[in-house]
Amino acid sequence: MSNAADLVDGFGRHITYLRVSVTDRCNFRCTYCMAEHMTFLPRKELLTLGELDRVCSAFIRRGVRKLRITGGEPLVRKNILTLFQSLSRHLRNGALDELTLTTNGSKLGDYAEELASCGVKRVNVSIDSLNPKLFKTITRGGNLDVVLDGIAKAEAAGMKVKINTVVLKNTNDGEIEDLIRFAHSRGRDLTLIEVMPMGEIEEDRVDQYMPLSDVRARLADRFTLKDIPDRTGGPARYVHVAESGGRLGFITPLTHNFCESCNRVRLTCTGTLYMCLGQDDAVDLRTPIRESDDDEHLDSAIRAAIAKKPKGHDFLIERQTTTPSVLRHMSLTGG
Ligand code: SAM
Ligand code: SF4
């Protein structure tokens, strides 16, 4: 039975946004996201594309209006287009407002037209540097030209592209002005992200961490930044940049509290539902999916999970702390 009010958590927040990681694998190894040598999950652990459709559809029946497909790199999952094709029925019948994805862009060129024909209107592409050499270093092997070509193809297919950049101290923090010009001159939003302490990596995140309050202060010397009230229910806050005429977002989970308006939950590729990016509270949805073809078990597991959504996160990056606040990598939960 469809009832949007079902997905209201214990703090009165309406859950209308589901992010789904469809794979933990990736063809890049960004230094802040993954270790160089990662052990990925055995394929049998993953939800099949059919199971992913089933669980997404269960959330949509309960009031989720926006779905973001992510990963790992979503476009490396075999036959991923079939998932977009099947989910697009919810756009056509009006149950879903938006079907979108976050990608590293390396395979966007191959999929852009088909994604657009599935009703994908917007795509987030991660670019941490416009310098091909630095891009290759940060991603441990990525090719910037291929990503730029993917963006061009997505735009040619009618999709709006937003650029995501993780700001890394002494790495790409000198490039933010270039990235603003690159994005805004072509009508794209740019969102800057602070490094989050998720998963073990080789580097110390204290060395990577750059508070966006510092970035903003520096930008304010060069640009006229005007706060705009756009809210997504997530950790992004936006400004309008007068000189470039575009929108700039700041995702600052470490320096701001955004939890009171949180409207989202995250599903991993193994069917674990995380109610908060920064907490370990999780509920297994794979068992109810596999136990029965009837969605009754699944629906009640989803309802119970939402009721347990924690009030907020407690990320912390400190010198003394050797283990990350959250042990799973972002690539498992999906950024
Ligand atoms: N592979 C795709 C990509 O890179 O866009 C989608 C998945 S990726 C995990 C989603 C977003 O999370 C990317 O913008 C990435 O830069 C960001 N990200 C990954 N690890 C992060 C971390 N530890 N802190 C902050 N952002 C992170
Ligand atoms: Fe892959 Fe995205 Fe993580 Fe980079 S940020 S390693 S592209 S999942």
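The figures that follow rest on heavy atoms only: side chains count, while hydrogens, waters and symmetry mates do not. What you see is a predicted model, and the numbers here were worked out from it, not measured in a lab. All ligand and atom numbering here is 1-based and tracks the order in the structure.
- Atom numbering of ligand 1 starts at 1 in the shown order; those under 4.0 Å from a heavy atom of Val195 are 24 (N), 25 (C).
- Checking only distances, Val166 never comes within under 3.5 Å of ligand 1, N or O to N or O.
- Contact annotation: Cys33 places an N, O or S atom under 2.8 Å from atom 3 (Fe) of ligand 2.
- Within the listing of ligand 2, atoms 8 (S) sit less than 4.0 angstrom from a heavy atom of Gly72.
- Remark: the Arg92 side chain and the Ser88 side chain contain an N/O donor-acceptor pair separated by less than 3.5 Å.
- Here atom 1 (N) of ligand 1 lies nearest to Gly72 when heavy atoms of Pro74, Gly72, Cys26 are compared.
- Each of the following atoms of ligand 1 lies closer than 4.0 Å to a heavy atom of Thr70: 6 (C), 7 (C).
- Within ligand 1, counting atoms from 1 as listed, the ones closer than 4.0 Å to a heavy atom of Gly71 are 7 (C), 9 (C).
- Where the criterion is an N or O separation shorter than 3.5 Å, residue side chain and backbone included, Thr102 fails it with respect to ligand 1.
- In the model, Thr102 has a side-chain atom that pairs as donor or acceptor with a side-chain atom of Arg68 under 3.5 Å.
- Here Thr103 has backbone heavy atoms under 4.0 Å from ligand 1, and that is the only part of it that gets that close.
- Every heavy atom of Ser126 sits 4.0 Å or more from the atoms of ligand 2.
- Ligand 1 has a nitrogen or oxygen under 3.5 angstrom from a nitrogen or oxygen of Ser126.
- Atoms of ligand 2 lying under 4.0 Å from any heavy atom of Cys30, numbered from 1 in the order shown and given with element: 4 (Fe), 5 (S), 6 (S), 7 (S).
- Across Arg68, Glu194, Gln208, heavy-atom proximity to atom 25 (C) of ligand 1 is greatest for Glu194.
- Donor-acceptor pairing under 3.5 Å is lacking for the side chains of Ser106 and Glu73.
- For Gly105, the closest heavy-atom approach to ligand 1 does not fall below 4.0 Å.
- For ligand 1, the atoms lying closer than 4.0 Å to a non-hydrogen atom of Cys33 are 19 (C), 20 (N).
- A donor and an acceptor atom, one from each side chain of Arg65 and Tyr17, are nowhere located under 3.5 Å apart.
- Cation-pi contact between Arg19 and Tyr274: absent, since separation from the ring centre below 6.0 Å together with deviation from the ring axis within 45° is not met.
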Report task. Kindly indicate, with the supporting measurements, whether the criterion side-chain hydrogen bond (donor to acceptor under 3.5 Å, both in side chains) is fulfilled by Ser129 and Glu175. Result -> CA-CA 7 Å; Ser129 176; Glu175 268 196 66; 2.5 Å; yes
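- The shortest N or O to N or O distance between Glu73 and ligand 1 is below 3.5 Å.
- A single hydrophobic cluster is not seen to contain both Ile251 and Tyr238; linkage of ILVMFWY side chains at heavy-atom distances under 4.5 Å, directly or through other members, places them apart.
- Considering backbone and side-chain N/O of Met196, one or more are found under 3.5 Å from N/O of ligand 1.
- Checking side-chain atoms of Arg13 against main-chain N and O of Leu7 turns up no donor-acceptor pair under 3.5 Å.
- Arg77 contributes no side-chain N or O that, together with a main-chain N or O of Thr23, makes up a donor-acceptor pair within less than 3.5 Å.
- With Ile69 as reference, Leu83 is the one residue of Leu83, Val123, Val120, Leu115 to meet the side-chain contact (heavy atoms from CB on, under 4.5 Å) rule.
- Within the coordination shell of atom 1 (Fe) of ligand 2, defined by N, O or S atoms under 2.8 Å, Cys26 is present.
- Ion pairing between Asp173 and Arg218 holds under the 4.0 Å rule for side-chain N and carboxylate O.
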